[in-house]
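Taking it in order: structure first as C-alpha cells, then the write-up.
Each residue takes its place number in the sequence, starting with 1. Order of listing sets the numbers, starting from 1, for every ligand and every atom in it. Hydrogens, waters and symmetry mates play no part in the numbers below; they use all other heavy atoms, side chains included.
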Amino acid sequence: MIKVCKFGGTSMADGLTMRRVAEIVESDPARRFVVVSAPGKRFGGDTKITDLLYETYEDVAACRDTGPAFEKVCDRFRGIVRELGLPMDIEAVLQETRAAILREDTPDFCASRGEYLAGRIMAELLKVPFIDARDTIKFGADGRLDSERTYSLLAAALKGKRRAVVSGFYGEGKDGKVKTFSRGGSDVSGAIVARAAGADLYENWTDVSGFLACDPRIVENPAHIRALSYKELRELSYMGANVLHSESIFPVREADIPIRIKNTFRPEDEGTEIVPTSRYTFGGRVVTGIAGKKNFDVIYLDKSLMNAEIGFTYRVLSVLYKHGVSFEHIPTGIDTMSFVIDAVELKNGVLEEICREIEEAVHPDNLRVIRDIALIAVVGHGMTRSVGTSARLFAAIARAGVNVRMIDQGSSELNIIVGVDNENYERTLRAVYEEFFM
Ligand code: ADP
Ligand code: ASP
Ligand code: MG
C-alpha cells in the first residue's frame, strides 16, 4: 500500500503544525511520499509565505534587491527551524535562496521558494531525502505538464526510497526556468506524485474535515460530504470550492487513484473520499454541494435569426480568441447568446475593445454588458434522477428576494448555474443551501 500525502499551507504554518505533520506521516508506514505547500497563515490577518514572495519579487523588479517582505520570509523560516530544534544551517540556505532569487529574476522562481524551503525543512525533520520538483516535474513548450518526462523522472527519483519529501507548486519549463502552477497548485503536484508513485491513495491534508456542502466562510457549519465523484469535484472546485485545486483530478483520474481529504488538526475525522465517477453510488441526495464565485461580466447579444446565421458564434469567439480571453459559460437561446467572462480578463479597456469588435463582426440587434455578476453552481449526480430540482432552486432564490440574471444548465446534467448580482451572492448561497440541506 502506498499513500501520497499533500499538506497545505495551514498544516505547514509553523514549527508546531509541522511537527503534527511529521507525526501523521510517521504514524502510517504506507505514507511514503510527502508533498508540501509553503507555510500559510498562522492566524487571521497573517500573510502567506507565497504572498510575501510575490511581494519580494515586486521589490526585486523595482530596486534590484530583496526588501522587507523577504526579511519576513526569512524570519518565518528561522522561527520554524528554531521551534523544531533542527541542526540545519538555515542562515546559509536563506543566503543561497536570496542570491538565487536575484540571479533567476522571475516571479515564478521567487514564489516557488516557499515550497522549496518548506520541503527542505520537512525532509530534515523526517530525516528523509528531499526531491526538488524542478528536477522532476517538467512542462512542455506549450506550458502544459510534460506527463511522459515528468512521470518517468519522478518514478526514478522515488524508486527505492522508503520515504521522501517533494516540494509542491512548481516544476521546470521547457526554457529551463522554474514555472509554478496557478495558486493552490500544490494540490496538483500531490496528484502528479501520486500518479508517478502508483499510489493506492492520494491523501490531501488541510484545515477542514473534508469537503463541505458549501463554503464554510459563508454558510455556518455546512453539511459534511462523505463521498464525491471526480466529476462533482471538478465542477465544485472549478466553481470556487477551493479545498482542492480544480486541476488536481486529472493525474489521478487516469490511474483511478482515489483522493481523501483529511484534516491535519483532527486526523481522526473520516474526511471526504473522492472516487472515480464509475464507482460513484447514488446515496439518495439530490444535491451534493453548492459553490460559487464573484466578479464576472456577461456580454449579452441578441439578433433575429441568429441561429440560422452560419458562423455567428465562430465570429464572436474569434474576437475573444484574438484578445486571448477565455470564457466560462455561453448560455444560449434561439436568438440570444451570452458570454460569461471573468472580469479580471476584461480590465484596462479590453471589454470596450471586444464589444466594439463584436459589433463589427456580427452586427447584433442588441449588445449589452451586465457587470459584477456572481455565479452559483448547484452540483450533484442526483439531480438527473429527481424531478423538480430547478423549481426548488428558483423558488428558494425568489424567496430570498433575489433576481436571477442568468441561467445555465450545463450539458453534463450535473449542475445548474445561476448568475446573480455580486451584492446578492452570500444571501443567495445561504438561501439555496437552506433549501437543499436543512
Ligand atoms: P490548504 O492550504 O490546506 O491547501 P486551502 O485554504 O487551499 O487549504 O483550502 C481549504 C479551505 O477551503 C478551507 O479552510 C475552507 O475555508 C475553504 N473552503 C471553501 N469551500 C469549501 C468547501 N466546500 N468545503 C470545505 N472547505 C471549503
Ligand atoms: N503556496 C501556493 C499558494 O499559496 C501553492 C499552494 O499552497 O498550493 O498558492
Ligand atoms: Mg489549497
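In terms of N/O distances under 3.5 Å, ligand 2 is approached by Gly184. Residue Asp187 has no nitrogen or oxygen atom sitting less than 3.5 Å from a nitrogen or oxygen atom of ligand 1, judged on distance alone. Of the polar atoms of Lys48, none of the N or O atoms is found under 3.5 Å from an N or O of ligand 2, judged by distance alone. Considering backbone and side-chain N/O of Asp187, none are found under 3.5 Å from N/O of ligand 2. For Ala241, no nitrogen or oxygen atom sits less than 3.5 Å from a nitrogen or oxygen atom of ligand 1, counting backbone and side chain alike. Considering backbone and side-chain atoms together, Glu115 places an N or O closer than 3.5 Å to an N or O of ligand 2.
For Val208, every heavy-atom contact with ligand 1 shorter than 4.0 Å involves the side chain, none the backbone. Here Leu236 has no heavy atoms under 4.0 Å from ligand 1, in either its backbone or its side chain. For Lys6, every heavy-atom contact with ligand 1 shorter than 4.0 Å involves the side chain, none the backbone.
Defined by atom type and a distance below 3.5 Å, a donor-acceptor pair is present between the side-chain atoms of Ser229 and His381. There is a side-chain donor-acceptor pair under 3.5 Å between Tyr170 and Ser167. For the residue pair Tyr116 / Arg120, a side-chain donor-acceptor distance below 3.5 Å is found, with atom types taken as modelled.
Summary of contacts: the protein heavy atom closest to atom 4 (O) of ligand 2 is Arg183 NH2, 2.9 Å. The protein heavy atom nearest to atom 6 (C) of ligand 2 is Ser186 OG, 3.4 Å.
Contact analysis leaves Gly184 out of contact with ligand 1, as no non-hydrogen atom separation drops below 4.0 angstrom. Using a 4.0 Å heavy-atom cutoff, Gly185 is listed among the residues neighbouring ligand 2. The closest approach between Ala213 and ligand 1 stays at or above 4.0 Å for every heavy atom of the residue. In this structure, Gly40 falls outside the shell of residues with a heavy atom less than 4.0 angstrom from ligand 1.
When atom types are taken as modelled, the side chain of Ser248 and the backbone of Leu244 share no donor-acceptor pair closer than 3.5 angstrom. Judged by distance alone, with hydrogens and angles left aside, the side-chain atoms of Arg19 form no donor-acceptor pair with the main-chain N or O of Leu125 at under 3.5 Å.
Using a 4.0 Å threshold on non-hydrogen atoms, atom 7 (O) of ligand 1 counts as touching the protein.
None of Arg98, Arg134, Arg113 except one satisfies the salt bridge (Lys or Arg N to Asp or Glu O under 4.0 Å) rule with Glu104; the exception is Arg134. Looking at Leu117, Thr66, Leu102 one by one, the single match for side chain to side chain contact (heavy atoms under 4.5 Å, CB included) with Thr97 turns out to be Leu117.
The cationic group of Lys293 lies under 6.0 Å from the six-membered ring centre of Tyr238 and within 45° of the ring axis, placing it in a cation-pi geometry. Judged by the 6.0 Å and 45° rule, Arg195 forms a cation-pi pair with Tyr151.
Those atoms of ligand 1 with a heavy atom of Gly9 less than 4.0 angstrom away are 1 (P), 2 (O), 3 (O). In the vicinity of Cys214, heavy-atom distances shorter than 4.0 Å reach the ligand 1 atoms 22 (C), 23 (N). Listed by number with element, the atoms of ligand 2 under 4.0 Å from a non-hydrogen atom of Ser37 are 6 (C), 7 (O), 8 (O).
Using cut-offs of 30° and 60° for the angle between ring planes, the Phe327 and Phe339 rings count as perpendicular.
Nearest heavy-atom pair, Leu53 versus Gly114, reported as atom, atom and distance to 0.1 Å: CD1-N, 3.2 Å.
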